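See below for the structure under consideration.
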Amino acid sequence: AQKITQTQPGMFVQEKEAVTLDCTYDTSDPSYGLFWYKQPSSGEMIFLIYQGSYDQQNATEGRYSLNFQKARKSANLVISASQLGDSAMYFCAMRELSGGYQKVTFGTGTKLQVIP
Amino acid sequence: NAGVTQTPKFQVLKTGQSMTLQCAQDMNHNSMYWYRQDPGMGLRLIYYSASEGTTDKGEVPNGYNVSRLNKREFSLRLESAAPSQTSVYFCASREGVYNEQFFGPGTRLTVL
């Protein structure tokens with residue numbers, strides 16, 4: 001079974017609109033963490049936002065927010081007021097304790113294109 | 001403070017050649033990782049090192065070896081390169097505020 005599933009290979013959004021990128025996860029570790037990273041065309045991986053499994057409130061960082069629905073095992077990224085610079089690949093990742101170490105698993109990514 | 005650095009940025013090898021990818025971090029992090037990124041497959045863990053002196057296999061370790069030379073440096077070696085190892089390789093270290101990973105700029109490797 002996939003640990004991290006991103007079902008949207010590609011998404012388009014109009015500039016200034018909001019967009020939601022989906023991510024579902026699967027783990028038996030009660031203490032896990034969820035991350036979103038951005039990868040622009042230049043290739044570097046940029047950390048965006050983090051949600052801990054015990055966090056009561058949804059994480060927010062500027063225009064990024066994480067819609068955390070624990071019972072549904074989903075951790076969707078919401079980008080508000082999209083900008084052209086948001087065009088990039090977005091990866092969801094999960095940290096869990098597995099085999100005695102903190103394992104980080106990445107999804108396959110969603111390519112977001114912002115249309116002017 | 002350079003963060004995570006990787007060398008080289010690009011490399012072309014012939015099948016059977018060997019090479020070492022270098023990675024260094026100056027953030028005093030204990031954990032370091034090597035990933036490969038292939039189209040449509042996200043990042044897959046090759047090897048990781050939880051601390052200086054320890055290394056363990058990840059999801060796709062075959063064909064690779066690693067050395068955690070000291071706390072700063074974690075190298076990845078391909079002993080006999082194969083075309084299936086054509087990929088972009090990322091080194092990362094971890095222990096941010098949220099235990100997030102910090103990534104190097106990547107090495108684009110082509111094996112002919």
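This one's a predicted model, so the numbers in the text were calculated from it and none came from an experiment. Residue numbering restarts at 1 for every chain, and letters A, B, ... go by the order of the sequence lines.
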Hphob cluster co-occupancy, A/Ile4 + B/Phe90, side-chain heavy atoms under 4.5 angstrom: no

Within one Ile-Leu-Val-Met-Phe-Trp-Tyr cluster: A/Val104 and B/Phe103, side-chain cutoff 4.5 Å: yes

Proximal component of A/Gln6, with respect to chain B [non-hydrogen, under 4.5 Å]: neither

Shared hydrophobic cluster for B/Leu112 and B/Phe10 (ILVMFWY, side-chain gaps under 4.5 Å): no

Common cluster, A/Tyr32/A/Phe106, ILVMFWY with side-chain heavy-atom separation under 4.5 Å: no

Positions in residues 42-69 of chain A that reach chain B, provided some heavy atom is under 4.5 Å away: A/Gly43, A/Met45, A/Phe47, A/Tyr50, A/Glu61

Contact check, side chains of B/Glu100 and A/Trp36, non-hydrogen atoms, under 4.5 Å: no

A/Arg95 and B/Arg94: CA distance, side-chain angles, deciding distance, side-chain contact (heavy atoms from CB on, under 4.5 Å) verdict: CA-CA 11 Å; A/Arg95 185 195 70 238; B/Arg94 181 176 68 84; 4.1 Å; yes

Joint cluster assignment, B/Val111 & B/Trp34, ILVMFWY side-chain distance < 4.5 Å: yes

B/Lys9 NZ: over 12 foreign heavy atoms closer than 6.0 Å: no

Working for side-chain contact (heavy atoms from CB on, under 4.5 Å), residues A/Phe91 and B/Gln37: CA-CA 12 Å; A/Phe91 292 96; B/Gln37 183 179 23; 3.2 Å; yes

Atom CZ of B/Arg72 with >12 non-hydrogen neighbours under 6.0 angstrom: yes

Close approach to chain A in residues 41-65 of chain B, criterion heavy atom under 4.5 Å: B/Met41, B/Gly42, B/Leu43, B/Leu45, B/Tyr48

